[in-house]
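Quick notes on the structure that follows.
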Amino acid sequence: MEVTYKTNGTCAKVIHFTKNDDGTITNISFEGGCNGNLKAISKLCEGMKAEEINAKLQGNLCGFKNTSCADQLARAVVSEI
């Protein structure tokens, strides 16, 4: 399933990814945000299960914000779309 997740509280405005039938997440991309860092997060998470991404990235904060692009990805992959 192709997913487009609108972020909240981050420089990246949207996250796109594919949620596969086996629970893996592929084709992760961000619109906006820190290009190099978000490309790295996308590569590192490619093919991981949604629950694993959530466990690793949930709660990661950016500066004084109460979220981050990584935290938003964690929320996106486990959300019921």
Side-chain angles (χ1 to χ4, degrees):
M1 166 177 42
E2 300 296 321
V3 177
T4 298
Y5 182 86
K6 186 173 177 356
T7 62
N8 184 17
T10 62
C11 297
K13 300 300 178 200
V14 176
I15 305 170
H16 302 281
F17 59 90
T18 303
K19 194 168 196 175
N20 300 300
D21 291 338
D22 65 356
T24 58
I25 305 297
T26 56
N27 304 314
I28 305 165
S29 66
F30 292 78
E31 288 183 25
C34 302
N35 188 39
N37 289 333
L38 296 177
K39 283 181 183 175
I41 289 170
S42 298
K43 285 181 179 183
L44 291 170
C45 292
E46 181 72 17
M48 291 173 65
K49 298 271 187 184
E51 295 78 14
E52 188 177 6
I53 293 171
N54 183 263
K56 290 184 181 293
L57 300 181
Q58 182 182 33
N60 184 62
L61 305 181
C62 182
F64 295 105
K65 297 178 182 180
N66 62 0
T67 191
S68 69
C69 294
D71 181 60
Q72 289 291 296
L73 176 60
R75 295 176 192 203
V77 298
V78 294
S79 69
E80 294 300 319
I81 311 271

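Residue Asn54 holds its CG atom at 10.5 Å from SG of Cys45, rounded to the nearest 0.5 Å. Separation of atoms CE (Met48) and CD1 (Ile28) is listed at 8.5 Å; rounding is to 0.5 Å. Atoms CD and CG, from Glu2 and Asn27 in turn, are 6.5 Å apart once rounded to the nearest 0.5 Å.
Here the shortest heavy-atom pairing between Val3 and Lys19 reads CG2-CB, 4.4 Å. A pairwise comparison of heavy atoms in Ala70 and Ile41 identifies CB-CD1, 4.0 Å as the closest pair.
Between Phe30 and Leu73 there is a side-chain heavy-atom pair separated by less than 4.5 Å. The side-chain heavy atoms of Asn20 and Ile25, taken from C-beta on, include no pair separated by under 4.5 Å. By the 4.5 Å heavy-atom criterion applied to side chains, Ile15 and Gln72 are counted as neighbours. The closest side-chain heavy-atom distance from Thr10 to Cys62 is not below 4.5 Å. Looking at heavy atoms from C-beta onward, His16 lies in side-chain contact with Glu31 at the 4.5 angstrom threshold. No side-chain heavy atom of Ser68 sits less than 4.5 Å from a side-chain heavy atom of Leu61. A heavy-atom distance below 4.5 Å is found between the side chains of Gln58 and Asp71.
By the rule that hydrophobic residues join a cluster once side-chain heavy atoms approach within less than 4.5 Å of another member, Leu57 and Val14 end up as members of separate clusters.
Between Phe17 and the choices Val77, Thr4, Ile53, the side chain to side chain contact (heavy atoms under 4.5 Å, CB included) rule is met once, by Val77.
Counting heavy atoms of neighbouring residues, nucleotides and ligands inside a 6.0 Å radius, atom NZ of Lys65 exceeds 12 of them. For Lys56, the NZ atom counts as loosely surrounded, since its 6.0 Å shell holds 12 or fewer non-hydrogen atoms of other residues, nucleotides or ligands. Shown here is Asp21, whose CG atom has no more than 12 heavy atoms of other residues, nucleotides or ligands within 6.0 Å.
Under a 3.5 Å cut-off, the side chain of Thr7 and the backbone N or O of Lys13 do form a donor-acceptor pair.
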